[in-house]
Trainee: 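The structure under discussion is supplied below as structure tokens; questions concerning it will follow.
We name chains A, B, ... by the order of the sequence lines, and we start the count at 1 in each one.
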Protein chains: 2
Amino acid sequence: MNFDPTKSLSGSGDQSATHRTYMMLRRMIVTGVIGPGEKLKIEGLRKRLETGASPIREALSLLTSDNLVERIDQRGFRASPISRENFEEILGLRCALEDMALRQSIAKRNQAWEERVVLSHHHMTRGQGSGDEAFEDLHKAFHMTLLELCEGPILRKFCSQLYDLNIRYRYLAGQSDQYKRRDVSSEHRDIMDAAISGDADLASDHLLSHYRKTGAFLADLFDGTEFS
Amino acid sequence: MNFDPTKSLSGSGDQSATHRTYMMLRRMIVTGVIGPGEKLKIEGLRKRLETGASPIREALSLLTSDNLVERIDQRGFRASPISRENFEEILGLRCALEDMALRQSIAKRNQAWEERVVLSHHHMTRGQGSGDEAFEDLHKAFHMTLLELCEGPILRKFCSQLYDLNIRYRYLAGQSDQYKRRDVSSEHRDIMDAAISGDADLASDHLLSHYRKTGAFLADLFDGTEFS
DNA sequence: TGAGGCAAGAATATCGATATTTCACCCAAT
DNA sequence: ATTGGGTGAAATATCGATATTCTTGCCTCA
């Protein structure tokens, strides 16, 4: 007795409701549509996302391990709170792990990889005209491509998680625009050029300084007004 | 932090069924009761663990992010497979992250921490007579106590995850016994002494050599007989 | 004989409903 | 006035049932 019109989207395979829900919730939390510390009520989300309770609970469980959602036993879920300490830990870990991953990746570089790096950089440059979210996707793709050849999937996963956590702070600060306009292009180009030429030390320097610059920029906001 | 699985712990209420299920499944996978790559059928687990399908699905989702379980969209869950590459990545990452965490921890050391380290070491030494699982819990507690003061919870969580993944290989190799009997006591003592005296370099050396020794030992097993 | 496809069976994903638990508020008693 | 207890409302955790999807084995047709 159950017709779901969204389910019959021409032959091309749907993903599971859980996966859809996971992606939507993640985006909502990262972009700040759902604020830090906000209570995530099943019933509310059920209506908002037009799905049942089970997919939502599962998606939230998944997000828990991404450190985007906290589970309070017997008391539901809430979006992870933010804090200066949290931000600083993310930045520090990110620098350490991406440094490691980038060096491994460069060590194993080959032509196909170099081409993918150039391409993703190009796409990102092009995407500066698009909306914030579209640009951020391309931006992430570029950074992840740089790490693509690193030793293993676990490290890549950690980096990806930390990336999302970091981006979240940028969205919350509402500075995504400003960031895009900052002269970040040259920083990206420096990283890319060094990586492709195989100079791991230089590439890592550029990468970390890129992160720390953005980091210092955001850290100031904590001293400013908001941020409970 | 895990007490007796029977629910009636005086006064303090039960944990949720999801949490119980999570702990049980995790233990079963880590200790090899559930083998690598094994299909995890909801219905089977439902009967085996005497609970409903929802808690099991949620527990499996949680385990997915610990890299102990893989989710195959629309095709259920399976215990993560093992491989030499996977093992080596775990070992390498573990060395890198625990090195970092241990140094941070030592840098912030204080008397209360030193006492906890000594105590957990003592408990571990004592526990060598107990069963494998009991000893492994104490062993983990000791190592995690060493990292207790590190900068943040994310790093600790990563270390804890990697620890479990590593231990799993030891169980799968069926060498937990042998490990216990190896002269691991002196290695632990060296680590502890260096940590407490504040010599981060020395402590880290001891810790990493401790891991690598065990690592080399296990790696040989891959060349030996089994391991699908 | 082999490839392709259909059908039955099994397993998953999801829904709706219910039993517990928690939370917020009010009232009484000191 | 403040604390303690109790009550009702809201939300969660869990269960049982159903719709969907995948798998496997068999049968037909070239």
Trainee: With sequence neighbours left out, what residues match B:His121 under ring-ring contact (aromatic ring centres under 6.0 Å, His included)?
Mentor: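 If we apply the ring-ring contact (aromatic ring centres under 6.0 Å, His included) test to B:His121, skipping adjacent residues, the hits are B:Phe142.
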
Trainee: Write out all pairs satisfying salt bridge (Lys or Arg N to Asp or Glu O under 4.0 Å) with one or both partners inside residues 145-167 of chain B, taking only residues at least two apart or from two chains.
Mentor: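 Every salt bridge (Lys or Arg N to Asp or Glu O under 4.0 Å) pair that includes a residue of residues 145-167 of chain B, provided the two are not neighbours, is B:Arg26-B:Asp164, B:Arg116-B:Glu148, B:Lys140-B:Asp164.
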
Trainee: Has B:Ser16 got a side-chain N or O lying under 4.0 Å from the OP1 or OP2 atom of D:dT12?
Mentor: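 Checking D:dT12 against B:Ser16, no side-chain N or O comes under 4.0 Å of OP1 or OP2.
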
Trainee: Sort out for me which residue in B:Leu138, B:Leu102, B:Leu207 forms a side chain to side chain contact (heavy atoms under 4.5 Å, CB included) with B:His143.
Mentor: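 When B:Leu138, B:Leu102, B:Leu207 are each tested with B:His143, the side chain to side chain contact (heavy atoms under 4.5 Å, CB included) holds only for B:Leu207.
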
Trainee: Just the rounded figure in Å: distance from P of D:dC22 to CZ of B:Arg71.
Mentor: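 It works out to 14 Å between those atoms.
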
Trainee: Using atom CD of A:Gln15 as one end and atom C1' of C:dA13 as the other, report the distance to the nearest whole Å.
Mentor: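 For the pair A:Gln15 CD and C:dA13 C1', the rounded distance is 15 Å.
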
Trainee: Provide, to the nearest angstrom, the distance between the CD1 atom belonging to A:Ile56 and the P atom belonging to D:dT14.
Mentor: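 Atom CD1 in A:Ile56 sits about 17 Å away from atom P in D:dT14.
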
Trainee: Rounding to an integer number of Å, can you tell me how far B:Lys47 NZ sits from D:dG16 P?
Mentor: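 So the two atoms are 14 Å apart, to the nearest Å.
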
Trainee: In chain order, what residues pass the salt bridge (Lys or Arg N to Asp or Glu O under 4.0 Å) check against B:Arg57, with sequence neighbours excluded?
Mentor: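 With sequence neighbours excluded, B:Arg57 shows a salt bridge (Lys or Arg N to Asp or Glu O under 4.0 Å) to A:Glu58, given in chain and number order.
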
Trainee: Round to the nearest Å and state the distance from A:Leu60 atom CG to D:dA13 atom C1'.
Mentor: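 Distance, rounded to whole Å: 13 Å.
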
Trainee: Just the rounded figure in Å: distance from P of C:dC15 to CD of A:Glu50.
Mentor: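 Whole-Å distance recorded here is 11 Å.
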
Trainee: Could you tell me how far apart A:Arg46 (CZ) and D:dA11 (P) are, to the nearest whole angstrom?
Mentor: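 Going from CZ in A:Arg46 over to P in D:dA11 covers 13 Å.
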
Trainee: Tell me, please, which residues at least two apart from B:Phe158 pass ring-ring contact (aromatic ring centres under 6.0 Å, His included).
Mentor: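 Scan of B:Phe158 (ring-ring contact (aromatic ring centres under 6.0 Å, His included), adjacent residues dropped) gives A:Phe158.
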
Trainee: Can you give me the N/O atom pairs linking the protein to nucleotides 10-12 of chain C at distances under 3.5 Å, or say none if there are none?
Mentor:
from   : atom 1 : to      : atom 2 : distance (Å)
C:dT12 : OP2    : B:Ile42 : N      : 3.4

Trainee: CD of B:Glu58 versus P of C:dT14: gap in Å, rounded?
Mentor: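 Interatomic distance, CD of B:Glu58 to P of C:dT14: 13 Å.
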
Trainee: Taking only residues at least two apart or on different chains, which pairs with a member in residues 33-55 of chain B satisfy side chain to side chain donor-acceptor pair (under 3.5 Å)?
Mentor: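 Every candidate side chain to side chain donor-acceptor pair (under 3.5 Å) pair involving residues 33-55 of chain B fails, so no pair, neighbours aside, qualifies.
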
Trainee: Can you find a side chain N or O atom of B:Thr51 that sits less than 4.0 Å from OP1 or OP2 on D:dC15?
Mentor: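 Indeed, a polar side-chain atom of B:Thr51 lies that close.
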
